[in-house]
**Q** 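There's a structure below that I have some questions on.
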Amino acid sequence: MIIVMGVSGTGKTTVGQLLAKEMALPFFDADDFHPESNIEKLSSGQPLTDSDRKPWLEILGKEIKNWEANGGAVLACSALKEKYRKTLSTIPSEQLTIIHLSGTFELIKKRLSHRKGHFLDPSILKSQFEDLEACHSAIQVSIDQTPEKILQEILSKMSNKTAFGIIGMGVMGQNLAINMANNKVRLSVFNRHVAGKEEDVAKNFVAKHPALNIQGFDDLSEFVDSMAPPRNILLMVQAGTAVDSIIDELTPLLGPDDLIIDGGNSNYLDTNRRDQALALHDINFIGTGISGGEEGARKGPSIMPGGSRTAYNRIAPFLENIAAKDANGKACCTYVGPEGSGHFIKMVHNGIEYAEMQLLAEVYELLRNGLGMKPEEIAKTLEHWKTKGLDSYLLEITINILRKEENGELLLDKILDAASQKGTGGWSTEAAIRLGSPLNTIADAVMARNISAQKETRTAANELYGQIKQPISKDRDSFIQALMEGYSAARIVNHAVGFDMMKEASTQYDWSLDFSEISRIWTNGCIIRSELMSAMVNFFKDTDRLLFHPAIVKSLGEQQASLAQVVGQALASGYPVPVLASAMNFFLGYVNGQSSANMLQAQRDYFGAHTYKRVDQPLTESFHTEWT
Ligand code: NAP
């Protein structure tokens, strides 16, 4: 269904008829559907009011539905205001193409003055220009050319329109673009122009991949114009102010039903805010986590979209096509929930990732320095662990790292032992405080990076206190066995910590998160994919608390003593094991039916009269004691 719009005198009928003939569709003129009263008014030079137009537009809306059901049509209709176009939009937006014929006031006035046999008084033109509201979803065509040329431009613009746009041709943007284009999505890409620094980035990318048939832009309105409405635009730019400034630039260029998808690692609170702000402009918004790094982006990432469900349904085929597939061939992409829920779970995903990485670093240090094992011996040990239910992407890359040499020497030994943390790790910790949720392993993994980053201080302190690390004096094989069991226990606890915080967020924000489905989309494509994650898909069908599942109660119950033993031995021998120890502390705190918090409550009441609850009185009552 095609509507040719514009003020009077732009040639809607002529162009519409040519287009209808070309496309073998019936042609209709909206003026033929005016009630008699409107025609009289127009002929006598009086402009129509909105209440005059209402019944006329409603008649047209009904006709459009019928025409579309019968194979489509071309309708010439002024459709000047957005609310008129809304009344006409009785069919899904993807079935409706709007073509706006535009020209200057002077040009159109000149044309109208030569017109004969038409009931419209040219004096009405002025009021029409005043009424005209930009239609961002329309294909824009200038009338300053012959009708045949206008037709050619329309046909070429209609056929060249792309279905999806990506902004930000960095590492992720480029690889996702290649993935999408390989999946036959017609694509526009944009990268900002910064004179002398970032020039022709998108065009160079397109030129490098001619077979993909992608259109590249460094002009934002040309980029927007290149896409068929309703537009789907994925932002792959740095989280933070860059996302806000791109959204600010895009908003005036977009129309109702257009969709912005933020695929960067944005803070979920920012996503909540943007979701509300864009709703005021009738622009759909989705905040999605995308995990898998460069390779995942190109070959199949795990995708975690949150926001408008209707908008998700529209773009689901695009996202599910490019996503990794689970063991059953289903896409590792699902609608997560409203608002910033997609970015929230991506943040927790990364938090779990921080702690999983730190656990492997601690295991490595205990084996390498505590037991004095060679890198290849450690790699072989970890390969054995893979066969014991501990297989994971992170374990696999750790084994590869232990074998990577440079000039005959282990590359790992040349890498500075200082890691930074940015964004998601710290945000997870902040979210835990905001939600009142324990996040021991993840918070300690963030702190471990912070202490590692203080290389100079650590070196100076090391000289001050001397060598504290000692060889671990224990039967080597039994220590390795305990370490494997302790590592397994710590991983279970770490996953429980992350999922428990998502459960808390789901309750407090009313998101209705599905933990089995979240585990499922994390079984492939993402960094924390593992055998444990695959098992969790089923565990979360039975319970929404991982540590309450009977299979977990059994295995963790058996392994927790090994974790305690390893932590004790490591600390006594001078090795920091923040996340192994944190997992143990979380576990003991979690299973502690009678904690020491009664002492805290007594202290708080003692110095601050904060009151306390009693175990021998109803919990609805509070008590205070004069302690001295
Ligand atoms: P990147 O390679 O550094 O690329 C960033 C892109 O953002 C570039 O195209 C850059 O344009 C653009 N940009 C930066 N500031 C901008 C601004 N003010 N206005 C407009 N464009 C701006 O980053 P990336 O690795 O692709 O990551 C993109 C997003 O995905 C980030 O949020 C990141 O956290 C997230 N992410 C990354 C990974 C990963 O493994 N790399 C994985 C998952 C998610 P210029 O080239 O002109 O500077």
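Both ligands and their constituent atoms are indexed starting at 1 by order of listing.
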**Q** Just by modelled atom types, is the Ile352 backbone N or O under 3.5 Å from a matching donor or acceptor in the Asn494 side chain?
**A** yes
**Q** Throw together a table of side-chain donor-acceptor distances under 3.5 angstrom for residues 232-241, partners on residues two or more places apart or in other chains.
**A**
{"residue": "Asn232", "atom": "OD1", "partner": "Arg314", "partner atom": "NE", "Å": "3.3"}
{"residue": "Asn232", "atom": "OD1", "partner": "Arg314", "partner atom": "NH2", "Å": "2.7"}
{"residue": "Asn232", "atom": "ND2", "partner": "Ala163", "partner atom": "O", "Å": "3.3"}

**Q** Within the side chain of Thr441, is there an N or O that forms a donor-acceptor pair under 3.5 Å with the backbone of Ser582?
**A** no
**Q** Has Ile451 got more than 12 heavy atoms of other residues, nucleotides or ligands less than 6.0 Å from its CD1?
**A** no
**Q** Asp500 and Tyr590: side-chain donor and acceptor closer than 3.5 Å?
**A** yes
**Q** Can you tell whether the side chains of Arg298 and Glu294 come within less than 4.0 Å, N to carboxylate O?
**A** no
**Q** Give one line per pair: atom of ligand 1, protein atom, distance. Only N/O to N/O under 3.5 Å.
**A**
{"residue": "ligand 1", "atom": "2 (O)", "partner": "Val171", "partner atom": "N", "Å": "2.9"}
{"residue": "ligand 1", "atom": "3 (O)", "partner": "Gln238", "partner atom": "NE2", "Å": "2.9"}
{"residue": "ligand 1", "atom": "9 (O)", "partner": "Met169", "partner atom": "N", "Å": "3.1"}
{"residue": "ligand 1", "atom": "9 (O)", "partner": "Gly170", "partner atom": "N", "Å": "3.2"}
{"residue": "ligand 1", "atom": "9 (O)", "partner": "Asn191", "partner atom": "OD1", "Å": "2.8"}
{"residue": "ligand 1", "atom": "26 (O)", "partner": "Val171", "partner atom": "N", "Å": "3.2"}
{"residue": "ligand 1", "atom": "26 (O)", "partner": "Met172", "partner atom": "N", "Å": "2.8"}
{"residue": "ligand 1", "atom": "32 (O)", "partner": "Val237", "partner atom": "O", "Å": "3.3"}
{"residue": "ligand 1", "atom": "32 (O)", "partner": "Asn265", "partner atom": "N", "Å": "3.0"}
{"residue": "ligand 1", "atom": "34 (O)", "partner": "Asn265", "partner atom": "ND2", "Å": "3.2"}
{"residue": "ligand 1", "atom": "46 (O)", "partner": "Glu198", "partner atom": "OE1", "Å": "3.1"}
{"residue": "ligand 1", "atom": "47 (O)", "partner": "Asn191", "partner atom": "ND2", "Å": "3.0"}
{"residue": "ligand 1", "atom": "47 (O)", "partner": "Arg192", "partner atom": "NE", "Å": "2.9"}
{"residue": "ligand 1", "atom": "47 (O)", "partner": "Glu198", "partner atom": "OE1", "Å": "3.4"}
{"residue": "ligand 1", "atom": "48 (O)", "partner": "Arg192", "partner atom": "NH2", "Å": "2.9"}

